[in-house]
S.K.: 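The structure is given below, and queries will be raised subsequently.
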Amino acid sequence: MSKETSAELIMKLYDLRREPKMREARAWIITFFPESIDDVMRAIIDESTSANYRMVTSYWDMAAGFVNQGAIDETMFMLSASEAWVVYSKIEPFIAQIRENMGSPNVMKQLEDLLMRQANATEILAGRREAMKRWMAARAEMAKSA
């Protein structure tokens, strides 16, 4: 696969992220901070959040699958996939329980395989969880003073 082909596919994935419903789902997941498996399962089941949860998690799992199967260059993809880390960091502490509860051992497996191959993956995921919490706290503080 050429770098040009990978670049074209990455840009197509980016365009999909700009679709209005996907933007809405991405905005929701940024504010989603599950503290337990119950929080995650509520998000999956609740009619008001289920579509957002499924849209974003399945998007990143699909994109990672393209990389894992060699359709997109991994290095190029990882340079532009910082959101994938954020999304998976929120789910990762509960992934085994999610798979068990859903009776599906492959839930987010493609994204997990891709990210966990990266150097310092565990530390990056923990860092993203903490950074997002700080970011949201700062956002809430700004909203109070506005």
S.K.: Show your reasoning for whether side-chain contact (heavy atoms from CB on, under 4.5 Å) applies to Arg17 and Tyr59.
M.R.: CA-CA 9 Å; Arg17 290 172 49 199; Tyr59 169 86; 3.3 Å; yes

S.K.: Distance only, no hydrogens: is a donor on one side chain within 3.5 Å (strictly under) of an acceptor on the other, for Asn68 and Arg117?
M.R.: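 Arg117 and Asn68 do have a side-chain donor-acceptor pair below 3.5 Å.
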
S.K.: With side chains defined as the heavy atoms from C-beta onward, is the minimum distance between Gln97 and Met41 less than 4.5 Å?
M.R.: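 Answer no - side chains too far apart.
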
S.K.: Distance from Thr57 atom OG1 to Met62 atom CE, nearest 0.5 Å?
M.R.: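 So the OG1 of Thr57 and the CE of Met62 are separated by 11.5 Å.
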
S.K.: Glu19 versus Leu16: any side-chain heavy-atom pair under 4.5 Å?
M.R.: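 Glu19 does not reach Leu16 side chain to side chain.
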
S.K.: Start with the C-alpha gap between Arg99 and Lys109, add the side-chain angles, then the distance that decides, and say whether side-chain contact (heavy atoms from CB on, under 4.5 Å) holds.
M.R.: CA-CA 10 Å; Arg99 290 174 179 155; Lys109 186 74 172 115; 3.8 Å; yes

S.K.: Taking all heavy atoms of Ala119 and all of Ile124, pick out the closest pair and write down the distance.
M.R.: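 So the minimum-distance heavy-atom pair works out to O-CD1, 3.4 Å.
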
S.K.: Just one of Val56, Leu115, Ile30 clears the side-chain contact (heavy atoms from CB on, under 4.5 Å) bar with Val87, so which one?
M.R.: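 Of Val56, Leu115, Ile30, side-chain contact (heavy atoms from CB on, under 4.5 Å) with Val87 is met by Val56 alone.
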
S.K.: Rounded to the nearest 0.5 Å, what separation is found between the CE atom of Met108 and the CH2 atom of Trp60?
M.R.: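 Rounded to the nearest 0.5 Å, the CE-CH2 separation comes out at 10.5 Å.
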
S.K.: Is any NZ, NE, NH1 or NH2 atom of the basic residue among Glu141 and Lys144 found under 4.0 Å from an Asp or Glu carboxylate oxygen of the other?
M.R.: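 Yes, Glu141 and Lys144 are salt-bridged.
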
S.K.: Please name the pair of heavy atoms, one in Val107 and one in Ile95, separated by the smallest distance, quoted to 0.1 Å.
M.R.: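 For Val107 and Ile95, the tightest heavy-atom pair comes out as O-CD1, 3.7 Å.
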
S.K.: Do you see a donor-acceptor pair shorter than 3.5 Å between the side chains of Ser104 and Asn106?
M.R.: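 Short answer, no.
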
S.K.: Would you say that Glu112 contacts Asp61 through its side chain, given a criterion of any heavy-atom pair below 4.5 Å between the two side chains?
M.R.: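 No, too far: nothing below the 4.5 Å cut-off.
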
S.K.: First locate atom CG of Leu13, then atom CZ of Arg18, and finally report the distance between them rounded to the nearest 0.5 Å.
M.R.: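 If I round to the nearest 0.5 Å, the distance is 13.0 Å.
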
S.K.: Would you mind reporting whether Thr5 and Asp73 have side-chain heavy atoms less than 4.5 Å apart?
M.R.: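 When only atoms from C-beta onward are counted, Thr5 and Asp73 do not touch, as no gap falls below 4.5 Å.
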
S.K.: What I'd like to find out is whether the side chain of Asp39 reaches to under 4.5 Å of the side chain of Phe33, using heavy atoms alone.
M.R.: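 In short, these two side chains do not touch, never coming nearer than 4.5 Å.
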
S.K.: Are the side chains of Glu74 and Phe77 in contact, using a 4.5 Å heavy-atom criterion?
M.R.: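 Side-chain contact under 4.5 Å: no.
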
S.K.: Assess whether side-chain contact (heavy atoms from CB on, under 4.5 Å) is satisfied between Tyr53 and Phe32, documenting all intermediate values.
M.R.: CA-CA 9 Å; Tyr53 177 91; Phe32 176 56; 4.3 Å; yes

S.K.: What is the distance from atom OG1 of Thr31 to atom NZ of Lys90, rounded to the nearest 0.5 Å?
M.R.: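 Here the interatomic distance stands at 7.0 Å.
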
S.K.: With a distance cut-off below 6.0 Å to the six-membered ring centre and an angular limit of 45° from the axis, does Arg26 pair with Trp28 as a cation-pi contact?
M.R.: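 No, cation not above the ring by the 6.0 Å, 45° rule.
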
S.K.: Is the shortest heavy-atom distance from the side chain of Val67 to the side chain of Gln110 under 4.5 Å?
M.R.: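 When only atoms from C-beta onward are counted, Gln110 and Val67 do not touch, as no gap falls below 4.5 Å.
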
S.K.: If we only count heavy atoms from C-beta on, is the Ile37 to Asn101 side-chain gap below 4.5 Å?
M.R.: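 Ile37 reaches Asn101 side chain to side chain.
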
